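Down below is the structure, laid out as structure tokens.
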Amino acid sequence: MTTVNVPAGWPATEEEARAVQDELRAEVVLDEPGPQPGTGHVTGVDVAYDDARDIVAAAAVVLDAASLDVVAEATAVGRISFPYIPGLLAFREIPTVLAALEALPCPPGLVVCDGYGLAHPRRFGLAAHLGVLTGLPTFGVAKNPFAFTYDDPDAPRGSSSPLLAGGDEVGRALRTRAGVKPVFVSVGHRVGLDGACAHTLALTPRFRLPETTRRADSLCRRALQEATIRQRPTSASAES
DNA sequence: GCGACAG
DNA sequence: ATCTTGTCGC
């Protein structure tokens, strides 16, 4: 596991953060179809917090896209770099996520984020932001519709409906399990929406959420626990 | 104007 | 996100 500090010059206010989004938004690439589902590497990233101790832990888990077997993993911990403000989630997660990705022993391939890409008030959510900073293909899978609207997709797995911001389709509500609440897929960088949905279905053979986010979620929680224990030793850790 | 709102 | 044990069900 690696340790990171908040980058110098990292936005400190909402105004600065929004300005960064408005500037970087122009760098997003939307005209690439992206990698073929079921080939290469697919990497899940996720973050866990301990606000009271000002600690954030990120995890990156690389899966073989065909077998969904774990190929590699890495974690990073740091100080919380930004408060949670809807629309500015990326500034809270990105420094530690970048460190985890850089600690991987192999190329991440396609990166799946926990959150949104273009489905965002300024069309520049976490997945788009991470894609621009790394140059990697990225998309987001969120558990909630945020402030967007959608019609409930048909019950069968694979059904979908547009996720709408006003009149624009900014993503898709995708049913990954028959009759279960859909997930909300949106493009980040260098991947098309059809491809992102195909990848999401390939990553959900058994559960509503993609294996990438499930694996990254459990790993970053474990990393947070270990970081917390190191900071404030318990009797159990002191004995061994 | 106020509240809601990814994690 | 997080607070949180056992328990119901495939």
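A, B, ... follow the sequence lines: proteins, then strands. Residue 1 opens every chain. Keep in mind that what you see is a predicted model, and the values were worked out from it rather than measured.
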Ignoring hydrogens and geometry beyond distance, is a side-chain donor-acceptor pair present between A/T75 and A/R222 at under 3.5 Å? no
Between [X] and [Y] (side chain of the first, backbone of the second, donor and acceptor by atom type, cut-off under 3.5 Å), is there such a pair?
X: A/R215; Y: A/V61; answer: no
X: A/R208; Y: A/T176; answer: no
X: A/S160; Y: A/L174; answer: no

Using a 4.0 Å heavy-atom cut-off, does [X] contact any base of the nucleic acid, only the sugar-phosphate backbone, or nothing at all?
X: A/L88; value: base
X: A/G87; value: base
X: A/I85; value: nothing

Would you please classify the geometry between the A/F91 ring and the A/H129 ring as parallel, tilted or perpendicular, with 30° and 60° separating the classes? perpendicular
Which nucleotide of DNA chain B is the first, and which the last, in the 5' to 3' direction, to come under 4.0 Å of a heavy atom belonging to chain A? B/dC5 to B/dG7
Check: residues 96-113 of chain A side-chain donor-acceptor pairs under 3.5 Å, at least two apart:
none

Can the ring centres of A/F184 and A/F148 be said to be less than 6.0 Å apart? no
For nucleotides 7-10 of chain C, list the nitrogen or oxygen atoms of the protein found under 3.5 Å from its nitrogen or oxygen atoms, one pair per line.
none

Between [atom2] of [N] and [atom1] of [X], the distance in whole Å:
X: A/D54; N: C/dT2; atom1: CG; atom2: P; value: 15 Å
X: A/R53; N: C/dT2; atom1: CZ; atom2: C1'; value: 13 Å
X: A/D217; N: C/dA1; atom1: CG; atom2: P; value: 6 Å

How would you list, by chain and number, every residue that makes a side-chain hydrogen bond (donor to acceptor under 3.5 Å, both in side chains) with A/R79, sequence neighbours excluded? A/D54
Locate the shortest heavy-atom distance separating A/L130 from A/I94; write the atom from each residue and the value. N-CD1, 3.9 Å
Using a strict cut-off of less than 4.0 Å between a Lys/Arg side-chain nitrogen and an Asp/Glu carboxylate oxygen, indicate whether A/D114 and A/K143 qualify as a salt bridge. yes
Could you check which residues of residues 44-51 of chain A get a heavy atom under 4.0 Å from DNA chain C? Sort them by number, please. A/A48, A/Y49
Side-chain donor-acceptor pairs of residues 28-36 of chain A under 3.5 Å, sequence neighbours excluded:
residue	atom	partner	partner atom	Å
A/E32	OE1	A/R190	NE	3.0
A/E32	OE1	A/R190	NH2	3.4
A/E32	OE2	A/R190	NE	3.4

